[in-house]
**Student:** 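Pasting a structure here, questions to come.
Letters A, B, ... are given to chains in the order of the sequence lines, protein chains preceding strands, and every chain is numbered from 1.
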2 protein chains.
Amino acid sequence: MLKQETLSKNQQIVLDYIEKVNEPIKAYSILHNVQKKGIKAPLQVYRALDKLVEIGKIHKIESRNAFVACKNSNCQISKATAFSICEGCEEVSEISDSKLSKYLKNFQDKAGMKFNKYNLEFFGLCKKCSIK
Amino acid sequence: MLKQETLSKNQQIVLDYIEKVNEPIKAYSILHNVQKKGIKAPLQVYRALDKLVEIGKIHKIESRNAFVACKNSNCQISKATAFSICEGCEEVSEISDSKLSKYLKNFQDKAGMKFNKYNLEFFGLCKKCSIK
DNA sequence: TACACAATGTTATATTATAACAATTAACAC
DNA sequence: GTGTTAATTGTTATAATATAACATTGTGTA
């Protein structure tokens with residue numbers, strides 16, 4: 001079978017919601033908010049999330065167990081992700097910096113292990129929160 | 001009170017075990033293995049883990065919900081962590097690369113947000129697993 | 001001693017995620 | 001269209017990870 005071109009029903013419902021809220025959101029929060037669309041069980045959400053992460057439409061913020069839509073329209077497969085996270089207001093932004101991504105993509109560890117994926121999370125205080 | 005110099009009883013028990021196994025280990029696995037030492041409840045483990053992470057004795061591998069002892073003896077506070085993770089055998093190594101850490105410590109995002117901490121996880125296949 | 005704070009012990013519960021299995025749907029070869 | 005295969009769905013139950021709340025005990029120091 002050819003690679004899937006279109007999203008399935010549940011995948012589309014979950015993606016639509018994540019894109020609408022436009023900030024990291026947790027799986028069970030997604031579940032509560034898409035029940036009116038007919039999604040009833042956690043697994044239906046988690047299965048859609050797995051696929052959406054796999055094809056790069058969304059990313060998982062590992063330190064927060066939350067999911068966010070990918071902003072880089074060209075990021076078809078989520079192999080290289082970087083985020084800034086404000087520890088005050090929990091605002092998360094995807095970092096899109098070609099020098100950084102180039103540097104990390106080419107990084108070689110001392111054992112010569114070849115990497116095909118990375119995830120980087122920066123923590124700090126955003127401008128608003130650093131004034132408070 | 002002055003800053004704590006020594007670990008408390010539970011903190012020491014948990015740290016001893018994590019250092020002994022010498023690979024990432026999950027909280028409930030720690031619990032099972034230290035019950036003979038008198039630790040009975042998840043919270044006792046999680047409280048010790050929180051403190052040990054805070055003072056940099058251990059790190060959390062976010063993508064695996066696992067904890068590992070810090071190998072950098074000078075890493076008093078865990079503000080800057082990088083790991084390589086083999087997706088085949090799940091072997092995890094802490095990366096200690098001064099160029100990488102310098103680069104990331106000084107990274108400034110476009111919004112000018114100042115970071116005080118980061119965590120980087122690389123994924124790939126280790127030598128053994130890439131042969132298979 | 002008395003104070004403040006860190007750490008402990010304990011029960012219960014919240015949150016995040018997957019197992020197992022049956023049924024249905026979609027893409028493709030023929 | 002028919003048969004085949006894989007993807008997706010639906011459903012119930014349960015596993016795995018983590019925290020809330022509150023009472024108690026220990027430790028350093030004024």
Side-chain angles (χ1 to χ4, degrees), chain A residues 1-18 21 24-68 77 87 90 92 119 121, chain B residues 1-18 21 24-68 77 87 90 92 119 121:
Chain A
M1 194 191 304
L2 289 177
K3 200 183 161 208
Q4 180 188 27
E5 299 282 328
T6 56
L7 297 177
S8 74
K9 194 187 71 177
N10 287 357
Q11 290 160 14
Q12 192 65 58
I13 290 170
V14 169
L15 178 59
D16 285 347
Y17 182 68
I18 295 176
V21 300
I25 186 166
K26 286 160 172 277
Y28 275 74
S29 173
I30 294 169
L31 175 60
H32 296 318
N33 283 284
V34 297
Q35 285 185 326
K36 65 194 90 167
K37 301 274 186 183
I39 290 182
K40 290 172 187 162
L43 244 196
Q44 294 174 292
V45 172
Y46 278 104
R47 285 196 284 224
L49 290 172
D50 283 349
K51 176 60 82 174
L52 292 169
V53 166
E54 185 190 327
I55 64 178
K57 292 286 190 186
I58 65 173
H59 303 304
K60 182 172 186 181
I61 313 297
E62 292 286 357
S63 66
R64 299 295 186 264
N65 298 316
F67 300 85
V68 69
I77 302 200
E87 292 181 305
E90 290 295 320
V92 172
N119 179 55
E121 298 181 6
Chain B
M1 196 194 297
L2 288 177
K3 200 181 160 207
Q4 181 188 25
E5 300 282 329
T6 57
L7 297 176
S8 74
K9 193 187 71 177
N10 288 357
Q11 290 160 13
Q12 191 66 57
I13 290 169
V14 170
L15 178 59
D16 285 348
Y17 183 67
I18 295 176
V21 298
I25 187 167
K26 287 161 172 280
Y28 275 73
S29 173
I30 295 169
L31 176 59
H32 295 319
N33 282 285
V34 297
Q35 284 184 327
K36 63 193 90 167
K37 302 273 186 183
I39 290 182
K40 290 172 187 162
L43 203 43
Q44 294 174 292
V45 172
Y46 278 103
R47 284 196 284 224
L49 290 172
D50 283 350
K51 175 61 80 174
L52 292 168
V53 166
E54 186 190 326
I55 63 178
K57 292 287 189 186
I58 66 173
H59 303 304
K60 182 173 187 180
I61 313 296
E62 292 286 357
S63 66
R64 299 296 186 262
N65 297 316
F67 300 85
V68 69
I77 302 200
E87 292 181 305
E90 291 295 322
V92 172
N119 178 56
E121 298 181 7

**Student:** Would you say Lys9(A) places a side-chain N or O within less than 4.0 Å of OP1 or OP2 belonging to dT24(C)?
**Tutor:**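 Lys9(A) to dT24(C) OP1/OP2: no side-chain N or O under 4.0 Å.
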**Student:** CD of Gln11(B) versus P of dA6(C): gap in Å, rounded?
**Tutor:**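 Rounded to whole Å, this separation is 12 Å.
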**Student:** Is there a side-chain polar atom (N or O) of Ser8(A) under 4.0 Å from OP1 or OP2 of dT25(C)?
**Tutor:**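 Answer no for this pair, as no side-chain N or O of Ser8(A) is under 4.0 Å from OP1 or OP2.
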**Student:** Within the structure provided, determine whether Asn10(B) and Val34(B) are in side-chain contact (heavy-atom separation under 4.5 Å).
**Tutor:**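 The answer is no; the side chains never approach within 4.5 Å.
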**Student:** Closest nucleotide of DNA chain D for Lys60(B) versus for Arg47(B): which of these residues is on the 5' side?
**Tutor:**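 It is Lys60(B), whose closest nucleotide lies nearer the 5' terminus.
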**Student:** Under a 4.5 Å cut-off applied to non-hydrogen side-chain atoms, are Phe67(A) and Leu52(A) in contact?
**Tutor:**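 A side-chain contact is absent here, since even the closest heavy-atom pair is not under 4.5 Å.
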**Student:** Taking the side chain as everything from C-beta on, heavy atoms only, tell me whether Pro24(A) gets closer than 4.5 Å to Arg64(A).
**Tutor:**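 Side chain of Pro24(A) against side chain of Arg64(A), heavy atoms only: no contact under 4.5 Å found.
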**Student:** Give the angle between the helix axes at the two ends of the helix from dT1(C)-dA30(D) to dC30(C)-dG1(D), taking five base pairs at each end and rounding to 10°.
**Tutor:**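 Terminal axis comparison yields 40°.
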**Student:** Should the side chain of Tyr28(B) and the base of dA18(D) be counted as holding a donor-acceptor pair, with the cut-off at 3.5 Å?
**Tutor:**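 Checked by distance alone, the answer is yes.
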**Student:** Can you tell me if the side-chain N/O atoms of Asn65(A) get under 4.0 Å from OP1 or OP2 in dA17(C)?
**Tutor:**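 It does, given that an N or O in the side chain of Asn65(A) lies less than 4.0 Å from OP1 or OP2 of dA17(C).
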**Student:** So, does Lys40(B) get its side chain near the phosphate of dG9(C), meaning an N or O under 4.0 Å from OP1 or OP2?
**Tutor:**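 So the side chain of Lys40(B) is outside the cut-off, no N or O lying under 4.0 Å from OP1 or OP2 of dG9(C).
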**Student:** What is the distance, to the nearest angstrom, from the CD atom on Gln44(B) to the P atom on dG9(C)?
**Tutor:**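 In whole Å, dG9(C) P and Gln44(B) CD are 5 Å from each other.
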**Student:** Is there a side-chain contact between Asn10(B) and the phosphate of dA6(C), meaning an N or O under 4.0 Å from OP1 or OP2?
**Tutor:**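 For dA6(C), OP1/OP2 do not have a side-chain N/O of Asn10(B) under 4.0 Å.
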**Student:** Report the distance from atom CG of Leu43(B) to atom P of dT24(D), rounded to the nearest whole Å.
**Tutor:**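 After rounding, the gap between these two atoms is 17 Å.
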**Student:** Could you check how far OH of Tyr46(B) sits from P of dT16(C), rounded to whole Å?
**Tutor:**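 Going from OH in Tyr46(B) over to P in dT16(C) covers 13 Å.
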**Student:** Would you kindly give the CD1-to-C1' distance between Ile30(B) and dA18(D), to the nearest whole Å?
**Tutor:**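 To the nearest whole Å, that distance equals 13 Å.
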**Student:** Identify, between Ile39(B) and Asp50(A), the residue whose nearest nucleotide on DNA chain C lies closer to the 5' end.
**Tutor:**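 The 5'-side residue here is Ile39(B).
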**Student:** Between atom CD in Glu62(B) and atom C1' in dT17(D), what is the gap in whole Å?
**Tutor:**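 Computing the Glu62(B):CD to dT17(D):C1' distance gives 12 Å.
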**Student:** Between Gln11(B) and Leu49(B), is there a side-chain heavy-atom distance shorter than 4.5 Å?
**Tutor:**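 No, every pair of side-chain atoms sits at 4.5 Å or beyond.
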**Student:** Calculate, to the nearest 0.5 Å, the distance between atoms CD1 and CD1 belonging to Ile39(A) and Ile30(A) respectively.
**Tutor:**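 The CD1 atom of Ile30(A) is 9.5 Å from CD1 of Ile39(A), to the nearest 0.5 Å.
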**Student:** Output the rounded distance in Å from CG (Leu7(A)) to C1' (dA26(C)).
**Tutor:**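 Rounding to the nearest Å, CG of Leu7(A) and C1' of dA26(C) are 14 Å apart.
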**Student:** So do Ile55(A) and Leu7(A) actually touch side chain to side chain, heavy atoms under 4.5 Å?
**Tutor:**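 In contact.
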**Student:** Quick one: His32(B) NE2 to dT17(D) C1', roughly how many Å, whole number?
**Tutor:**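 The answer, rounded to whole Å, is 12 Å.
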**Student:** Within the 4.5 Å heavy-atom criterion, are Val68(B) and Lys60(B) side-chain neighbours or not?
**Tutor:**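 Contact flag for Val68(B)/Lys60(B) side chains = no.
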**Student:** If only side-chain N and O atoms of Lys26(A) are considered, is one of them under 4.0 Å from the OP1 or OP2 phosphate oxygen of dT15(C)?
**Tutor:**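 No, outside the criterion.
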